Protein chains: 2
Amino acid sequence: MVNDVSARLKAVRLMHGLSQRELAKRAGVTNGMISLIEQGRVSPSVASLKKVLDGLPMQLAEFFTMDPASTPQVFYASKELVELGKDAVSLRLVAAHRPGRRMALLHEVYAPGADTGSEMLSHAGEEGGIVVSGRIEVTVGAQTQVLGPGDAYYFSSGVPHRFRNRGRERCEIISAATPPTL
Amino acid sequence: MVNDVSARLKAVRLMHGLSQRELAKRAGVTNGMISLIEQGRVSPSVASLKKVLDGLPMQLAEFFTMDPASTPQVFYASKELVELGKDAVSLRLVAAHRPGRRMALLHEVYAPGADTGSEMLSHAGEEGGIVVSGRIEVTVGAQTQVLGPGDAYYFSSGVPHRFRNRGRERCEIISAATPPTL
DNA sequence: AAGTTCTGTTTAATATCATAGACATGCGGG
DNA sequence: CCCGCATGTCTATGATATTAAACAGAACTT
């Protein structure tokens with residue numbers, strides 16, 4: 001991973017198709033400063049870097065998290081979904097083969113009786129989803145709710161959570177998680 | 001989200017049970033500097049902050065990613081979706097009011113003829129989606145494809161892109177983007 | 001070819017940061 | 001009570017970052 005601020009900044013700037021002057025103008029700094037940073041001739045203060053990134057806009061966290069080397073620029077579509085389980089819960093992962101994905105986008109199908117288990121899941125990041133069909137019982141922390149078509153959820157993945165299909169029909173959900181756990 | 005370096009640094013230092021002087025010694029900086037940073041009286045250079053974090057040790061990415069206030073623990077669900085447009089394209093955003101979200105999760109409905117416009121959209125981050133019903137023509141960079149139910153896409157948002165519903169039925173998509181643009 | 005407009009780079013003056021060391025406070029033991 | 005040793009804060013000085021403006025090259029117009 002390139003931890004060099006200069007390379008990262010240049011990469012993100014170019015990804016946005018901006019010139020040094022354009023970015024500088026948006027960010028409210030001088031073009032010279034951007035030049036110096038990108039040449040690695042100065043180490044900007046956090047305040048300055050934040051100001052620069054505000055011009056994109058991009059947050060500091062994303063800036064340091066991202067991998068400037070990979071912008072595969074690819075367009076993954078249709079049939080590339082991948083089956084991950086054939087049991088009660090079936091998952092199809094979008095863009096599974098894409099290196100350095102920042103999200104996991106899933107098509108989940110819960111058969112009647114399906115359950116992610118009583119040892120509640122917990123991991124870093126955030127996740128959310130929208131119910132497409134059927135009904136699902138979602139437990140997050142101390143809260144439990146039954147969601148139907150069109151309903152949605154969103155929570156920090158660190159909070160223990162569990163999904164159960166207690167109905168007779170299968171339940172379809174489309175969900176996303178960042179950072180990707182799959 | 002607390003984007004204040006001072007609060008974050010103090011939080012992580014205390015989490016590690018270190019005094020300003022201890023941390024300063026490990027990091028190879030002066031205690032005074034840590035004091036000034038934690039008081040918010042200076043904005044350290046990225047180089048200096050990195051040096052300080054090396055004493056823990058912790059990476060810049062973690063530092064800015066972590067939530068010093070720790071886990072708001074909220075569980076957004078169901079009816080909290082928000083209508084963003086009533087025209088040809090209608091959007092419902094999950095957890096719209098959640099501060100510091102890391103993703104935008106959307107339920108999008110394209111009426112027949114709906115089009116995101118010929119000035120192609122372009123912004124930072126990554127996005128993906130799965131088609132729930134109907135058909136949609138997706139153009140990303142130089143590629144164009146028509147996607148139907150179950151099909152999916154995933155790409156870097158920096159690449160210009162466009163969505164058009166050229167059919168007679170409406171098209172439903174569930175999509176996610178990080179970082180959130182809405 | 002001269003003019004215009006874009007690109008990124010460089011420089012001298014200024015603003016900000018980082019240091020070393022002094023300073024004040026608090027706590028526990030002799 | 002006073003000493004030793006922690007804690008975090010403050011200040012003067014030197015180092016570094018930032019600015020504004022000049023500079024040089026490439027592409028395009030006239």
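Remember, it's a predicted structure, so these values are computed and weren't measured experimentally. Chain naming here is simple, since letters A, B, ... match the order of the sequence lines and numbering starts at 1 in each.
- The shortest heavy-atom contact between B/I136 and B/C171 is CB-SG, 3.7 Å.
- Looking only at side-chain heavy atoms (C-beta outward), A/R135 and A/E169 stay at 4.5 Å or farther from each other.
- Of the residues in residues 41-48 of chain B, those placing a heavy atom less than 4.0 Å from an atom of DNA chain D are B/R41, in numerical order.
- Whole-Å rounding puts the A/E38 CD to D/dT18 P distance at 14 Å.
- Taking atom CG of residue B/L36 and atom P of nucleotide D/dT11, one finds them 10 Å apart after rounding to whole Å.
- Closest-nucleotide positions on DNA chain C for A/G32 and B/G28 were compared, and the one nearer the 5' end corresponds to A/G32.
- Atom pair B/K50:NZ and C/dA18:P shows a separation of 15 Å (rounding to whole Å applied).
- Relative to the side chain of B/R21, the nucleotides D/dT19, C/dC23, D/dA22 differ in distance, and C/dC23 lies closest.
- Rounding to whole angstrom units, NZ of residue A/K51 and P of D/dA17 are separated by 16 Å.
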Pair B/Y154, B/E126 - check side chain to side chain donor-acceptor pair (under 3.5 Å), show working. CA-CA 7 Å; B/Y154 195 100; B/E126 297 180 6; 2.6 Å; yes
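- For the pair A/T30 and D/dA20, the criterion of a side-chain N or O lying under 4.0 Å from OP1 or OP2 is not met.
- Between the side chain of B/R8 and the main chain of B/F63, a donor-acceptor pair closer than 3.5 Å is present.
- Taking the charged nitrogens against the carboxylate oxygens, A/E38 and A/R13 do have a contact shorter than 4.0 Å, which makes a salt bridge.
- Residue B/V29 places its side chain closer to C/dT19 than to any other of D/dT9, C/dT19, D/dT7.
- A/R13 has a side-chain polar atom (N or O) that falls below the 4.0 Å cut-off from OP1 or OP2 of C/dG8.
- The distance from atom CD of A/Q20 to atom P of C/dT10 is 11 Å, rounded to the nearest whole Å.
- The interatomic distance linking A/E22 (CD) with C/dG8 (C1') rounds to 13 Å, in whole Å.
- Look at A/S19 and you'll find a side-chain N or O under 4.0 angstrom from OP1 or OP2 of C/dT7.
- For B/R21, there are no salt bridge (Lys or Arg N to Asp or Glu O under 4.0 Å) partners, not counting sequence neighbours.
- For the pair B/I34 CD1 and D/dA6 P, the computed distance is 17 Å after rounding to whole Å.
- Checked against D/dG8, C/dG8, D/dT9, the side chain of B/N31 finds its nearest nucleotide in D/dT9.
- Ranked by how close their nearest DNA chain D nucleotide is to the 5' end, A/M33 and B/Q39 are led by B/Q39.
- The main-chain N or O of B/Y110 is found under 3.5 Å from a side-chain atom of B/N165 such that the two form a donor-acceptor pair.
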